[in-house]
Amino acid sequence: MISRTRRSTTVAALATVTLAAGLVGCAGGDGGGSESGEADPSNLEDSYTVATDSSFVPFEFEEDGEHVGFDMDIINAIADEVGFDVNLEVTNFDGIIPGLQTGSFDIAIAGITITDERKNAVDFLNPYYKSGTRIAVPESNDSVESIEDLAGLTVASRLGSAPLDYLAENVPDAEALPFEQLDQMYLAVEGGSADALLYDAPNVEYYIDTTDTDLKVVGDLYEAQFYGVAVSQGNEDLVTAMNDALDTLIENGTYAEIYEEWFGEQPTWLDEIGSSSDEASEE
């Protein structure tokens, strides 16, 4: 159990991450739910158990014995704003939602895409990140240029991820090859046991930009998606308080500061996250 992860101060630190530190996110889905009214402070705890994955660079990963990353900074900033301590628990991505359902965790942040199916199992804050899905193939592959070209091919992805569902729904003729660990997914394509991979845009793009690989991105950015902080059901006051904190971070510039530290640029979609997201506005 780890308390209060630190913020890395330079984007350059990410370049030292090894092959095993892949990105974890999931594709598909829209924004999360919005809570109205004010939180009752008497219903909030002094600390909460927060689940994350350990290999979602630059969102969450281990460096020098500590868990750092964009998600780590975001959840700690939200916790500071609300006023609770973070007790961090690291687990496999596919165990996060079940852990929230059983009460093993109170909160989770791990590049979790907000989907209707997941919203039936847990509650989500309003979206805090916008992404999409990318295809990657070896540089020598000139036959794959779109999602349709994956038909009949072996396509690697992350076990339990929304890109895997997206592949099944849109390219049923493709042979899915799911992996629990992201480094295995990349190695499968680099080693020839998979023809291509389908995964989250920030993950794929970061991997190709920062590792010595012969992979390239092809096709469009598919299925715009939003990541959300997940909360075990029945914690309405906690969701409300954390949503208010997220809005504060966006409004006072803290969110943009954290984003620029990890991604080297300003976010272009601030008006699509927090309480300004389309889905939050509808609820």
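Values reported hereafter were calculated over all heavy atoms of this structure, with side chains retained and with hydrogens, waters and symmetry mates removed. We're numbering straight along the sequence, starting at 1.
- Asp53 contributes a side-chain N or O that, together with a main-chain N or O of Phe93, makes up a donor-acceptor pair within less than 3.5 Å.
- Close placement of the Phe59 and Phe263 rings is indicated, their centers lying within 6.0 Å of each other.
- Remark: Ile78 CD1 to Leu246 CG distance equals 5.0 Å, nearest 0.5 Å.
- A donor-acceptor pair under 3.5 Å is absent between the side-chain atoms of Gln266 and the main chain of Glu257, judged by distance alone.
- Under the 3.5 Å distance criterion, the side-chain polar atoms of Ser157 are matched with a main-chain donor or acceptor of Leu198.
- Residues Trp269 and Tyr129 place their aromatic rings such that the two centres sit under 6.0 Å apart.
- Using a 4.0 Å cut-off between charged nitrogen and carboxylate oxygen, Lys216 and Glu139 do not count as a salt-bridge pair.
- Using a 4.5 Å heavy-atom cutoff, the side chains of Ile107 and Leu100 are not in contact.
- With hydrogens and angles ignored, the 3.5 Å screen pairs no side-chain donor or acceptor of Asn76 with any backbone N or O of Asp73.
- Side chain to side chain, Thr102 and Ser104 meet the donor-acceptor criterion of an N or O pair below 3.5 Å.
- The local environment of CG in Asp46 is sparse, with at most 12 non-hydrogen atoms from other residues, nucleotides or ligands closer than 6.0 Å.
- Using a 4.5 Å heavy-atom cutoff, the side chains of Ile75 and Leu88 are not in contact.
- Here the straight-line distance linking atom CE of Met185 with atom OH of Tyr199 works out to 6.0 Å at 0.5 Å rounding.
- Residues forming a side chain to side chain contact (heavy atoms under 4.5 Å, CB included) with Asp106 (at least two apart in sequence, or on another chain): Tyr48, Thr49.
- Classified by interplanar angle (parallel below 30°, tilted 30° to 60°, perpendicular above 60°), the ring pair Tyr128/Tyr227 is tilted.
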Report, one line per pair, each donor and acceptor closer than 3.5 Å where one atom sits in a side chain of residues 167-180; sequence neighbours left out.
from: Asn170; atom 1: ND2; to: Tyr166; atom 2: O; distance (Å): 2.8
from: Glu175; atom 1: OE1; to: Thr154; atom 2: OG1; distance (Å): 3.4
from: Glu180; atom 1: OE2; to: Asn92; atom 2: ND2; distance (Å): 3.3

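- Between Glu89 and Thr52, the closest side-chain pair of non-hydrogen atoms is not below 4.5 Å.
- One finds the CG atom of Asp247 at 5.5 Å from the CD atom of Glu251 (value rounded to the nearest 0.5 Å).
- Atom CD of Glu117 sits in a sparse spot, with 12 or fewer heavy atoms from other residues, nucleotides or ligands closer than 6.0 Å.
- With 3.5 Å as the limit, one finds a donor-acceptor pair spanning the side chains of Asn203 and Tyr186.
- To the nearest 0.5 Å, atoms CG (Asp123) and CD (Glu236) are separated by 6.5 Å.
- At least one donor-acceptor pair closer than 3.5 Å links the side chain of Asp71 to the backbone N or O of Gly111.
- Using modelled atom types, one finds a donor on one side chain and an acceptor on the other under 3.5 Å when comparing Gln225 with Asp200.
- Cluster membership check: Leu164 does not share its hydrophobic cluster with Ile112, using side-chain heavy-atom separations under 4.5 Å among Ile, Leu, Val, Met, Phe, Trp and Tyr.
- Side chain of Asp237 to main chain of Asp40: a donor-acceptor pair is present (N/O by atom type, distance under 3.5 Å, no hydrogens or angles).
- Using a 3.5 Å distance cut-off with no hydrogens or angles, the side chains of Asn126 and Ser275 do not pair a donor with an acceptor.
- Aromatic pair Phe61/Phe56: ring centres not closer than 6.0 Å.
- Judged by distance alone, the side chains of Thr213 and Glu190 do bring a donor and an acceptor atom under 3.5 Å apart.
- Counting heavy atoms from C-beta outward, Pro127 and Ile114 have side chains that approach closer than 4.5 Å.
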